[in-house]
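Remember, it's a predicted structure, so these values are computed and weren't measured experimentally. Every chain is numbered from 1 and lettered A, B, ... according to where its sequence line falls, protein lines coming before strand lines.
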There are 2 protein chains.
Amino acid sequence: MPNQDIAIPTLETDLVLPEREGGYAKGHETREAILRTALSILIEEGYPALSMRRVAKECGMKFGNLTYHFRSREDLMRELFDAVIRSYEVEFLAIAQMPGAAPEDRLRRVCLLILDDIRTKKTTHFFPEIWALSNHDPFVFERMQELYVRARAPLLSIVEEMRPDLRHEDCETVALFISASMEGTTMFAGHGKPFEPRMKQIEDIAVESFIHLVRTWKR
Amino acid sequence: MPNQDIAIPTLETDLVLPEREGGYAKGHETREAILRTALSILIEEGYPALSMRRVAKECGMKFGNLTYHFRSREDLMRELFDAVIRSYEVEFLAIAQMPGAAPEDRLRRVCLLILDDIRTKKTTHFFPEIWALSNHDPFVFERMQELYVRARAPLLSIVEEMRPDLRHEDCETVALFISASMEGTTMFAGHGKPFEPRMKQIEDIAVESFIHLVRTWKR
DNA sequence: ACAAATTTAGGTCAATTGACAGGTTTACCC
DNA sequence: GGGTAAACCTGTCAATTGACCTAAATTTGT
C-alpha cells in the first residue's frame with residue numbers, strides 16, 4: 001500500500017511570536033524581521049555565525065537599533081528559539097485533532113507528516129542546532145523537551161487507544177521510541193543528506209514497523 | 001527475554017591518532033594532550049567554547065606553543081574530529097567480526113552495543129555537535145557520512161544474510177533505518193536525558209522491532 | 001659533545017564580539 | 001498639530017578571538 005498519494009499539509013509559518021502588550025505596529029514588524037533574519041542565519045550558517053552585528057547588518061539595520069529591540073544576545077536567542085519551537089507546537093496541535101479515522105491510519109498519517117517535515121531545510125538544519133545547544137544550555141534543554149512532549153502527544157494517544165491493555169508508562173516509552181526513530185533520520189535522509197532520495201521508502205519501512213510494534217508489543 | 005545480562009564491552013580509547021611519520025616522543029604526547037583537552041571542552045561546553053586560547057589555558061600551555069602544534073584553529077578541529085571519529089571506527093570494526101552466531105543474535109548484540117554507547121556522555125554530547133556542524137562544514141559532513149557507512153556495515157551484512165531475497169539497495173535502506181532509529185534516541189535517552197532511566201526498555205523495544213522488520217520487510 | 005630538530009615563551013596585530021551611553025527621528029494618540 | 005513614548009542611530013568601551021612573528025630553551029640523534 002503505497003502512501004505517496006496521501007495529501008500532506010505544509011507549514012508556512014516559520015515563526016510564532018507571543019502576543020505583545022504595548023508598543024507601535026512598526027516595532028512588532030521590526031522585531032519579527034529581526035527574528036526571521038536570525039533564523040535564516042542559523043539555518044544557513046549555523047549557531048556560531050549568529051552574532052548581533054551579523055543580524056543587524058543582514059536586516060539592513062544599525063547595530064544600536066538591534067540592541068534596543070533585544071538588549072542582549074541571550075535575549076534574542078531565547079526569543080528566537082521560543083518563536084521557532086512555538087511554530088512546531090502549533091503544527092503538532094493541528095495534527096492532534098484528526099477526525100475519527102482508524103487509529104492505525106492516524107498513526108500512519110502522523111508519521112508521514114513528521115517524516116516529510118524532516119526533509120525541509122528548516123527542520124533538517126534547525127533541530128541539530130538545538131540538540132547540540134541543549135547539551136549545554138539549560139534554557140534550550142527545557143524548552144526543547146517541552147516541545148517534544150507535545151510532539152509525542154498525538155503518538156501517545158494513538159498508542160493508548162490501540163493498546164488499552166498496556167500501562168501508561170509503557171505507552172509512553174513506545175511513543176518515545178517511535179518519535180526518536182523518526183528524528184534520527186534527520187542526519188541521513190533530511191534535506192541535502194545522502195539518503196534524502198530514499199525518504200519515501202524509509203517512510204514505508206518506518207510506518208510498517210511502527211504499526212506492527214504498537215500492535216504486538218509486550219513488555 | 002531480558003537482555004540486561006549480556007556483557008557489554010566498553011570503550012576506553014577516546015581518541016585514535018594517525019600514525020606519525022617523524023618527530024619526537026614528547027611531541028606526540030603534547031599533541032595528544034591538546035586533542036584530549038579540546039575534546040573535553042567540546043563535550044563539556046560545546047563547540048562555541050572551543051577556542052585556541054581556551055585549549056591552551058586548559059592544557060597549562062602557552063598560546064604560542066599551541067599554535068606551533070596546530071598552525072590554525074581549523075587544523076586542530078580537523079584533526080580532533082578525525083581522531084574521535086577514528087575511535088568510533090575501531091569500535092565498529094570490532095563489532096563487525098563476531099563469531100558465527102545466529103544472525104538475529106548478532107543483530108541484537110550490535111544494537112545493544114550501539115544503544116549502550118549512546119548513553120555515554122562522550123557520545124551523547126559529541127554527536128549532536130557534529131550533526132550540527134555537518135550542516136555547514138563540508139569536511140565534517142564528509143567525514144561523518146564516512147563514519148556512518150562503517151557504522152552501518154555490520155548491520156548491513158546481517159540484514160543481507162537474513163534476507164538474501166532482497167535487493168542490495170533495500171537491505172541498505174533497512175540498515176539505514178535501523179541505524180538512524182538508534183541515533184535518534186540520543187537526545188531523549190542519552191546521558192542526562194529525561195528517558196535515560198528507560199533506556200533498557202527502549203533497547204528491548206528497538207531490538208524486537210528491528211528483528212521483526214528485517215525478518216518480514218517486503219518492499 | 002655537538003648540531004639539528006623540536007618545543008616553549010613572549011608579544012603584536014587587526015578584526016570581531018557584546019554591552020552601553022547619548023543623542024535624534026519617527027510613529028501614534030489626543 | 002502638538003506632545004510623548006517608541007523607535008532608531010552614532011559612537012565608544014573592554015574583552016576576546018585567530019593569525020603571525022621572533023627568540024630562547026630543550027630534547028634528540030649521532
Side-chain angles (χ1 to χ4, degrees), chain A residues 17-42 44-81 129 133 136-137 139-140, chain B residues 17-42 44-81 129 133 136-137 139-140:
Chain A
L17 307 189
E19 308 292 325
R20 283 273 284 167
E21 50 290 0
Y24 298 158
K26 184 151 190 188
H28 293 210
E29 291 166 25
T30 307
R31 257 181 113 76
E32 184 171 343
I34 292 170
L35 291 174
R36 201 170 296 283
T37 302
L39 176 59
S40 154
I41 295 174
L42 183 66
E44 298 298 333
E45 305 191 36
Y47 184 74
L50 191 41
S51 72
M52 296 286 276
R53 285 184 158 83
R54 180 71 193 285
V55 172
K57 178 175 295 186
E58 210 116 328
C59 294
M61 172 187 301
K62 295 303 173 178
F63 177 64
N65 187 19
L66 175 58
T67 66
Y68 164 78
H69 288 285
F70 296 93
R71 177 176 311 279
S72 74
R73 174 185 149 94
E74 197 168 328
D75 267 17
L76 192 153
M77 295 304 167
R78 290 163 92 89
E79 211 153 322
L80 173 62
F81 291 134
E129 297 290 344
L133 287 172
H136 310 104
D137 182 329
F139 170 75
V140 176
Chain B
L17 306 189
E19 309 292 324
R20 283 274 284 168
E21 50 290 3
Y24 299 152
K26 183 151 190 186
H28 292 210
E29 289 166 27
T30 307
R31 256 181 115 74
E32 185 172 343
I34 292 170
L35 291 173
R36 201 170 296 283
T37 300
L39 176 58
S40 154
I41 295 174
L42 183 66
E44 298 299 333
E45 305 191 35
Y47 183 75
L50 190 40
S51 72
M52 297 286 276
R53 284 182 158 83
R54 181 69 194 285
V55 172
K57 178 176 295 186
E58 210 115 329
C59 296
M61 173 186 296
K62 293 301 175 182
F63 176 65
N65 188 19
L66 175 59
T67 67
Y68 163 77
H69 289 284
F70 296 94
R71 177 176 312 281
S72 75
R73 173 184 149 93
E74 198 168 329
D75 267 16
L76 193 154
M77 296 303 168
R78 290 164 90 91
E79 211 153 320
L80 173 62
F81 290 133
E129 297 290 344
L133 286 172
H136 310 103
D137 182 330
F139 169 74
V140 175

Given atom [atom1] of [X] and atom [atom2] of [N], what is their separation to the nearest angstrom?
{"X": "His28(A)", "N": "dC28(C)", "atom1": "NE2", "atom2": "C1'", "answer": "13 Å"}
{"X": "Arg31(A)", "N": "dA27(C)", "atom1": "CZ", "atom2": "C1'", "answer": "17 Å"}
{"X": "Leu66(B)", "N": "dT8(C)", "atom1": "CG", "atom2": "C1'", "answer": "12 Å"}
{"X": "Glu74(B)", "N": "dT17(D)", "atom1": "CD", "atom2": "C1'", "answer": "15 Å"}
{"X": "Glu29(B)", "N": "dT6(C)", "atom1": "CD", "atom2": "P", "answer": "16 Å"}
{"X": "Phe63(A)", "N": "dG11(D)", "atom1": "CZ", "atom2": "P", "answer": "15 Å"}
{"X": "Leu76(B)", "N": "dG18(D)", "atom1": "CG", "atom2": "P", "answer": "10 Å"}
{"X": "Lys57(A)", "N": "dT17(C)", "atom1": "NZ", "atom2": "C1'", "answer": "13 Å"}

Check whether any side-chain N or O of [X] sits under 4.0 Å from OP1 or OP2 of [N], and answer yes or no.
{"X": "Thr30(A)", "N": "dC8(D)", "value": "yes"}
{"X": "Asn65(B)", "N": "dT7(C)", "value": "no"}
{"X": "Tyr68(B)", "N": "dT7(C)", "value": "yes"}
{"X": "His69(B)", "N": "dT8(C)", "value": "yes"}

Let's see if you can work this out: which of [options] has an atom nearest to the side-chain heavy atoms of [X]?
{"X": "Arg73(A)", "options": "dT17(D), dA19(D), dG18(C)", "answer": "dG18(C)"}
{"X": "Lys62(B)", "options": "dA9(C), dA19(D), dC9(D)", "answer": "dA9(C)"}
{"X": "Ser51(B)", "options": "dT7(C), dC20(C), dT17(D)", "answer": "dT17(D)"}
{"X": "Arg53(B)", "options": "dG18(D), dA7(D), dC20(D)", "answer": "dG18(D)"}

Arg54(B): what forms a side-chain hydrogen bond (donor to acceptor under 3.5 Å, both in side chains) with it, not counting sequence neighbours?
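In terms of side-chain hydrogen bond (donor to acceptor under 3.5 Å, both in side chains), with neighbours along the sequence ignored, Arg54(B) is linked to Glu45(B), Glu58(B).
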Backbone N/O of Ala33(B) and side chain of Thr37(B): donor-acceptor pair under 3.5 Å
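Present.
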Donor-acceptor check, side chain of His136(A) to backbone of Gly46(B), threshold 3.5 angstrom: yes or no?
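Side chain of His136(A) to backbone of Gly46(B): a pair is present.
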Are Arg73(A) and Tyr47(A) in a cation-pi setup, meaning NZ or CZ lies under 6.0 angstrom from the ring centre and within 45 degrees of the ring axis?
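Relative to the ring axis of Tyr47(A), which defines the angle, Arg73(A) lies inside both limits.
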On DNA chain C, check which nucleotide each of Thr67(A) and Ala49(A) is closest to and give me the residue with the more 5' one.
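Nearest-nucleotide comparison on DNA chain C picks Ala49(A).
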Pair Leu76(A)-Leu66(A), side-chain contact (heavy atoms from CB on, under 4.5 Å): steps then yes or no
CA-CA 10 Å; Leu76(A) 192 153; Leu66(A) 175 58; 4.1 Å; yes
